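In what follows, a single structure is set out as structure tokens and then discussed.
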Amino acid sequence: MCSILAWCRKDAPKDKFQESLMRTTSRGPDATKTIDTGKGLMGFNRLAIMGLTASGMQPFQLGGDALVCNGEIYNFRPRKQELITKGYTFSSDSDCEILLPLYRELGCSMFETLDAEYALVLYDSVSDSYVAARDPIGIRPLYYGYDESGAIIFASEPKNLVGLTEKIMPFPPGHYYKDGEFVQYADPAHVDHIRHDSMELVAGNIHDLLVAGVEKRLDSDAPVGFLLSGGLDSSLVCGISAKLMKKPLETFAIGMDIDAIDLKYARQVADYIGSNHHEVIISRDDVINALEPVIAALGTYDITTIRASIGMYLCCKWIHENTDVRVLLTGEISDELFGYKYTDFAPNAFAFQEEAEKRVRELHMYDVLRADRCISVNSLEARVPFGDLAFVDYVMSIDPEMKLNKYNKGKYLLRHAFENDHLIPDDILWREKAAFSDAVGHSLKDDLADYAESHFTDIEFQEKRKKYTHAQPFTKESLLYREIFEKYYPGQSQMVKDFWMPNKSWDGLQNVNDPSARVLSNYGASGI
């Protein structure tokens, strides 16, 4: 990960800019650089992943143009060769160095040609203006706000913007900003045409596209590791990678010291694929002590995001402190595409598809945010194979009738796609995964709820929750999280749409008042 900051104002105060940029040095601990474009300041904190020499340092400049980008451009090698034939030269092996020449050739139409996860800000010296853009899913973070003069400021994280703007907003994924307007160039949730492919064609395409998505994310000049929970998604990423890399992976799992569900399953996968496996064991005290730094890192008050982040944050902290790994592959985004436990309650295929579209569009505020912050705050980079654009495009276009759980097994299409490969143990391939925070240990969720309960009397809870009109806390746990959030991001709750919750308009979910899948009537063997 890296962090970027751009204050698009000619007389932007350098001292305030530098102080703001330094709030996210954990995203880029290797080097820091700021330039003055003549119409504002651009800054970059670097975590070297591709092109590890000093020549890969940003901001990149080409003539009077300048660019900062936090991203991975997966198709940069063929694009670079195309640009070389047009007369461009390059001084580094950085994938992001192609972006300024590409912009000169294509303008803003370049964004829809990128196979990438990125957030960037570009100064165009010809028009004397700024352009900013974010990848279609929002895997890389970008936020914006306006200062007291009306000038726009872009930053990797909301913490960069606290005190510089009254209102911090997430930059919309799949959009670029130009001439004061946000223009949508991609919407991976939208499907123009539903594909009515056969079961075997669907399985084959899911298989090949996911393998390709994993393979391109193994390309790194820095050491790569893998988060392995023991559930289907992370296990498949590890199984595919083990076959592609032909050398032992570095895998990492985390669990509570008394009731971790998934540690044994992660160990089973690790033994099967022959990885160098590491287990991080945590206690109740570790969980409680991590709560405030996690919320400060996340910039959210959402219950399920915070619960699920505790384990990931502590695992990544251990990785940072004990290994040389700099890139982590994770299993996020599979649930939004193939379904959660709660989507078994979808009344029909149309409702399932509608819910999937909503979840994909909101990913950047929930699971994707969790993975980015927990990993980047520990100076690591997240890569998300299930977020591969070609993979998402295909899975979203599959006939939703096929994605409904008619098979008495969630995510049947994904499981069936890898049934004949034997990349992971069969009982892992067909196992129902526990909710992430519960899988770290049922006691994690309970410990957090008990801790929150001790903070407020019933009367205090009712009084304090009323002062929040947006996303009003509805449990003592949610109130505790909101108050910690407000300590670091006062008055900025609109950065997150609302609480992540199952669709309560569906039969069987109307009375669900907790986001954990554990409370659902169909949770069953998921927690075993």
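All heavy atoms count here, side chains included; hydrogens, waters and symmetry mates do not. Here the structure is a predicted model, which is why all the values come from computation and not from measurement.
- The two residues Val325 and Leu380 make their nearest non-hydrogen contact at O-CD2, 3.0 Å.
- Checking side-chain atoms of Lys159 against main-chain N and O of Ala297 turns up no donor-acceptor pair under 3.5 Å.
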Practice problem: Mind running side chain to side chain contact (heavy atoms under 4.5 Å, CB included) on Met495 and Thr300 for me, showing each step along the way? | Solution: CA-CA 8 Å; Met495 295 191 303; Thr300 190; over 6 Å; no
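- Arg134 is linked by a salt bridge (Lys or Arg N to Asp or Glu O under 4.0 Å) to nothing, counting only residues two or more places apart in sequence or in another chain.
- Ring orientation note: the planes of Tyr301 and Phe485 are nearly perpendicular, at an angle over 60° on the 30°/60° scale.
- With 3.5 Å as the limit, one finds a donor-acceptor pair spanning the side chains of Glu355 and Tyr342.
- Residues Asp286 and Ser283 bring a donor and an acceptor atom of their side chains to less than 3.5 Å of each other.
- Using a 3.5 Å distance cut-off with no hydrogens or angles, the side chains of Ser376 and Arg27 do pair a donor with an acceptor.
- Glu157 and Ser3 share no side-chain donor-acceptor pair at under 3.5 Å.
- Between Glu117 and Arg217 there is a salt bridge, since at least one side-chain N of the basic residue sits less than 4.0 Å from a carboxylate O of the acidic one.
- For Glu486 (side chain) and Arg482 (main-chain N/O), no donor-acceptor pair under 3.5 Å exists by modelled atom type.
- Here Asp335 pairs with Lys411 under the salt bridge (Lys or Arg N to Asp or Glu O under 4.0 Å) rule; sequence neighbours left out.
- In this structure, the side chain of Ser235 engages the main chain of Gly231 through a donor-acceptor pair within 3.5 Å.
- Aromatic rings from Phe182 and Tyr144 are positioned such that their centres are separated by under 6.0 Å.
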Quiz item: Yes or no on side chain to side chain contact (heavy atoms under 4.5 Å, CB included) for Arg326 and Asp30, after CA distance, side-chain angles and deciding distance?
Solution: CA-CA 12 Å; Arg326 286 208 157 192; Asp30 295 337; 2.5 Å; yes
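- Asp446 and Arg518 are joined by a salt bridge, as a carboxylate oxygen and a charged side-chain nitrogen come within less than 4.0 angstrom of each other.
- Asp514 and Ser516 are not linked by any side-chain donor-acceptor pair at a separation below 3.5 angstrom, with hydrogens and angles left out of the test.
- Between Lys358 and Glu354, no side-chain nitrogen of the basic residue sits less than 4.0 Å from a carboxylate oxygen of the acidic one, so the salt-bridge criterion is not met.
- Remark: Glu148 CD is packed, more than 12 non-hydrogen atoms of other residues, nucleotides or ligands lying under 6.0 Å away.
- A side chain to side chain donor-acceptor pair (under 3.5 Å) check over residues 160-177, counting only residues at least two apart or in different chains, returns the pairs Thr24-Asn160.
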